[in-house]
Visitor: 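What follows is a single structure, and I will ask about it in a moment.
Residue indices begin at 1 and follow the sequence shown.
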Amino acid sequence: MTITTTSPPADDISQPAQPARPALPLGWAIVTSALAGVGLDAAFPELGWWPIAFVSVTLALLALAGRKSGGAFLVALVYGGAFFVAHLSWAGRFLGPLPWLGLAGLQALLFAAGAIPIALAYRWSTRTLRGKWGQLVIVPLLVGGLWTLRESIMGSWPYGGFPWARLGMSQAGSPFAEAVSWVGVTGLSFLIAAVCAGIAQWWRIGRRRDWRGLVMPAAVTALLLVTPQFPTTPAGEVTVGWVQGNGPAGYFDAAAPGAMLTAQTAATMPLIGQPMDVLVWPEGGVDSDPLNNLGTSRALDELSHQVSAPLLVNAATRRGENTYNTSLLWPPTGGEVQLFDKANPVPFGEYVPDRWFYQRIAPDLIGLIGREYTPGTNSPYVSLNGVGVGLAICFDVIFDDVIWQGAQDGAQLYLLQSNNGDFRGTDENLQQAALARMRAIETGRGVVNVSTTGTSQAFAPDGTILDELPTDTIGARVTTIPLRTGLTPAVSLGPWIAGLLAATSLLGLLLLRFAARR
């Protein structure tokens with residue numbers, strides 16, 4: 001039997017689509033993926049050219065679509081490798097190329113593996129979704145969901161995951177950032193990926209003169225532009241003193257015992273006599289355990305008396321057989337010390353998972369990590385004279401659940417402590433500052449982000465900068481921070497949004513597979 005077909009009219013968008021072939025030859029797809037991967041890094045700080053994220057993802061999907069699993073893995077590996085090697089270059093600042101390339105390589109492999117379901121969605125949808133609108137609307141939404149599912153998996157596995165470079169976080173300086181207060185970072189990643197997939201699909205189908213094919217990405221983009229930040233309720237204000245001591249905070253900095261405590265105390269002196277409700281020091285600002293060292297405890301008592309306010313400090317603390325990275329709200333009158341232990345110690349930085357295995361691979365590097373921090377289980381929240389304060393210690397800021405729990409427990413502002421001493425001269429601290437800004441917008445809360453060596457900032461609930469200190473600078477500030485109550489949809493619905501996107505994406509992929517087999 002011979003079957004003949006005729007091409008549908010060029011202006012009939014309801015006719016079947018035939019985008020089965022790859023849009024680019026494999027060689028060009030590899031080159032495009034490499035350039036697009038480097039381009040995605042430019043969307044994040046230091047450069048912060050956020051529109052490039054849309055160009056990068058669109059090109060990545062054009063290079064991927066229409067390929068079999070092996071080809072999809074290859075082009076995605078090139079894209080992910082180019083991006084993560086550029087984006088995580090700060091990881092090798094002092095420890096050399098092995099940690100940097102090891103982390104970037106692992107992330108690239110996971111990214112490439114997560115591209116295979118996207119390639120399958122393209123392949124199976126070609127056989128089953130014969131109408132143009134199915135190709136131009138359903139496929140981009142499914143691809144956006146699968147992109148987000150990959151982010152969720154990479155952000156939680158292995159060893160707790162590494163959700164540092166999610167697509168949504170590239171938009172900290174864009175007009176789309178306010179959407180995170182409604183849908184969270186995961187939801188923003190989904191919407192960006194769906195827009196890019198819509199543009200790529202319109203291009204692949206080949207009806208580029210028919211602008212109706214861009215209705216979906218144009219509509220989503222317009223929605224992102226007009227969506228205001230979800231309003232939270234004003235609840236007064238607090239005065240926060242915060243200090244960037246620029247002490248010897250790096251892993252390899254030559255430091256005498258107590259050097260960080262001395263540096264932070266000296267940097268605090270200009271604030272003596274200024275009224276404040278709390279004084280905040282960064283992660284590692286106290287380099288001895290104030291719960292077990294009487295001299296350190298007395299030094300904090302004296303400083304708290306001098307500033308007439310509680311201190312929020314951070315130190316490694318020992319309780320029982322475990323060591324914790326701990327934030328301590330130190331009262332001025334000898335009252336109870338409130339504690340929060342870092343929920344997500346850094347793998348291969350603050351502890352070594354499966355040490356027996358990695359010790360055989362890189363014994364010299366693994367041997368440098370002598371201290372093993374235990375993950376904390378207490379709430380990222382303290383009460384400051386009746387004001388709820390949300391906390392996150394450095395790496396914690398990239399984990400949604402830590403931020404959400406603080407707000408759900410009653411936080412009216414956030415005080416974030418970090419130590420960027422091991423990343424001097426890189427853009428790691430700027431990437432982390434962008435994360436802090438996005439958390440302010442997402443929760444509708446003021447945020448003070450204090451680093452040992454910079455950069456440090458105070459953000460208003462809408463993400464605008466109230467005050468800041470540059471890197472490698474000794475400085476101290478007193479800033480009035482607005483308080484807010486009420487939960488944004490991102491906080492109250494965040495786990496449901498992520499779960500719904502994951503479930504519907506997997507279900508959609510399975511339905512396509514079933515339909516394709518029939």
Side-chain angles (χ1 to χ4, degrees), residues 30 32-61 63 75-115 147-148 150-174 177 185-186 188-189 192-193 196 344 346-349 394-395 397-399 418 420 422-439 455 471:
I30 291 174
T32 300
S33 295
L35 295 175
V38 174
L40 183 59
D41 176 59
F44 291 84
E46 178 178 16
L47 295 177
W49 297 342
W50 59 265
I52 295 182
F54 290 83
V55 179
S56 172
V57 174
T58 301
L59 291 175
L61 293 174
V75 296
L77 182 65
V78 172
Y79 179 88
F83 169 62
F84 285 108
V85 167
H87 193 62
L88 304 179
S89 60
W90 44 262
R93 176 68 175 85
F94 290 105
L95 294 178
L98 185 58
W100 165 33
L101 298 179
L103 177 59
L106 173 62
Q107 295 301 298
L109 286 170
L110 295 174
F111 185 89
W147 184 291
T148 308
R150 174 175 57 189
E151 283 192 348
S152 297
I153 294 173
M154 293 175 65
S156 58
W157 183 88
Y159 305 130
F162 188 70
W164 181 271
R166 290 185 288 173
L167 185 57
M169 283 297 185
S170 69
Q171 302 299 297
S174 85
V185 179
T186 297
L188 183 56
S189 289
I192 295 170
C196 296
N344 299 279
V346 181
F348 306 101
C394 202
F395 196 54
V397 75
I398 65 177
F399 292 91
S418 65
N420 304 116
D422 284 321
F423 310 111
R424 293 177 187 262
T426 73
D427 55 3
E428 184 273 346
N429 59 335
L430 300 177
Q431 294 173 17
Q432 190 165 337
L435 293 170
R437 181 178 189 271
M438 288 292 272
R439 295 308 192 184
T455 175
T471 57

Visitor: Please give me the minimum heavy-atom distance between Ala434 and Pro45, naming the atom from each residue.
Guide: CB-CG, 3.8 Å
Visitor: Please determine which of Val55, Ile52, Leu167 meets the side-chain contact (heavy atoms from CB on, under 4.5 Å) test together with Leu40.
Guide: Leu167
Visitor: Using atom types as modelled, flag every donor-acceptor pair under 3.5 Å from a side chain in residues 91-103 to any protein atom, sequence neighbours excluded.
Guide:
residue : atom : partner : partner atom : Å
Arg93   : NE   : Arg424  : O            : 2.7
Trp100  : NE1  : Val85   : O            : 2.9

Visitor: For residues 158-171, pull every pair meeting salt bridge (Lys or Arg N to Asp or Glu O under 4.0 Å), keeping only residues two or more places apart or in separate chains.
Guide: Arg166-Asp400
Visitor: Taking side chain to side chain contact (heavy atoms under 4.5 Å, CB included) as the definition, give me every residue that meets it alongside Ala34, ordered by chain and number, with sequence neighbours left out.
Guide: Val78
Visitor: Considering non-hydrogen atoms only, spot the tightest contact between Ser170 and Ala53 and give its length.
Guide: OG-CB, 3.7 Å
Visitor: Under the rule for side chain to side chain contact (heavy atoms under 4.5 Å, CB included), what residues qualify as partners of Ile153, not counting sequence neighbours?
Guide: Leu149
Visitor: Identify, with sequence neighbours excluded, every residue that meets side chain to side chain donor-acceptor pair (under 3.5 Å) alongside Glu428.
Guide: Asn420
Visitor: Applying side-chain hydrogen bond (donor to acceptor under 3.5 Å, both in side chains) as the test, list every pair that has at least one member in residues 47-58; sequence neighbours left out.
Guide: Ser56-Tyr79
Visitor: Could you pull out all residues at least two apart from Pro51 that satisfy side chain to side chain contact (heavy atoms under 4.5 Å, CB included)?
Guide: none
Visitor: With rounding to the nearest 0.5 Å, note down the distance linking CG in Leu109 to CZ in Phe111.
Guide: 12.0 Å
Visitor: Just to verify, what does Phe44 make a ring pair (Phe, Tyr, Trp, His ring centres under 6.0 Å) with, not counting sequence neighbours?
Guide: Phe83, His87
Visitor: Is there any salt bridge (Lys or Arg N to Asp or Glu O under 4.0 Å) pair reaching into residues 95-107, and which pairs are they, with sequence neighbours excluded?
Guide: none
Visitor: Quick one: do Phe54 and Gln171 satisfy side chain to side chain contact (heavy atoms under 4.5 Å, CB included)? Show the steps, please.
Guide: CA-CA 10 Å; Phe54 290 83; Gln171 302 299 297; 3.6 Å; yes
Visitor: Are side-chain heavy atoms of Leu106 and Pro158 found at a separation under 4.5 Å?
Guide: yes
Visitor: How far apart are the closest heavy atoms of Met438 and Leu188, and which atoms are they?
Guide: CE-CD2, 4.1 Å
Visitor: Would Leu110 and Phe84 count as a side chain to side chain contact (heavy atoms under 4.5 Å, CB included) here? Give the steps.
Guide: CA-CA 11 Å; Leu110 295 174; Phe84 285 108; over 6 Å; no
Visitor: Mind running side chain to side chain contact (heavy atoms under 4.5 Å, CB included) on Val185 and Glu151 for me, showing each step along the way?
Guide: CA-CA 10 Å; Val185 179; Glu151 283 192 348; 5.8 Å; no
Visitor: Tell me every residue that passes side chain to side chain donor-acceptor pair (under 3.5 Å) with Thr471, counting only those two or more places apart in sequence or in another chain.
Guide: none
Visitor: Check side chain to side chain donor-acceptor pair (under 3.5 Å) between Asp427 and all other residues, then give those that pass, not counting sequence neighbours.
Guide: Gln431
Visitor: Could you pull out the closest heavy-atom pair between Ile192 and Gly168, with the gap in Å?
Guide: CD1-CA, 4.3 Å
Visitor: Please confirm whether the backbone N or O of Cys394 pairs with a side-chain atom of Ser418, one donor and one acceptor, at under 3.5 Å?
Guide: no
Visitor: Apply the test side chain to side chain contact (heavy atoms under 4.5 Å, CB included) to residues Phe395 and Gln432: give CA-CA distance (whole Å), side-chain angles for both, the deciding distance (0.1 Å), then the verdict.
Guide: CA-CA 9 Å; Phe395 196 54; Gln432 190 165 337; over 6 Å; no
Visitor: Among all residues two or more places apart in sequence or in another chain, which pass the side chain to side chain donor-acceptor pair (under 3.5 Å) test with Ser33?
Guide: none
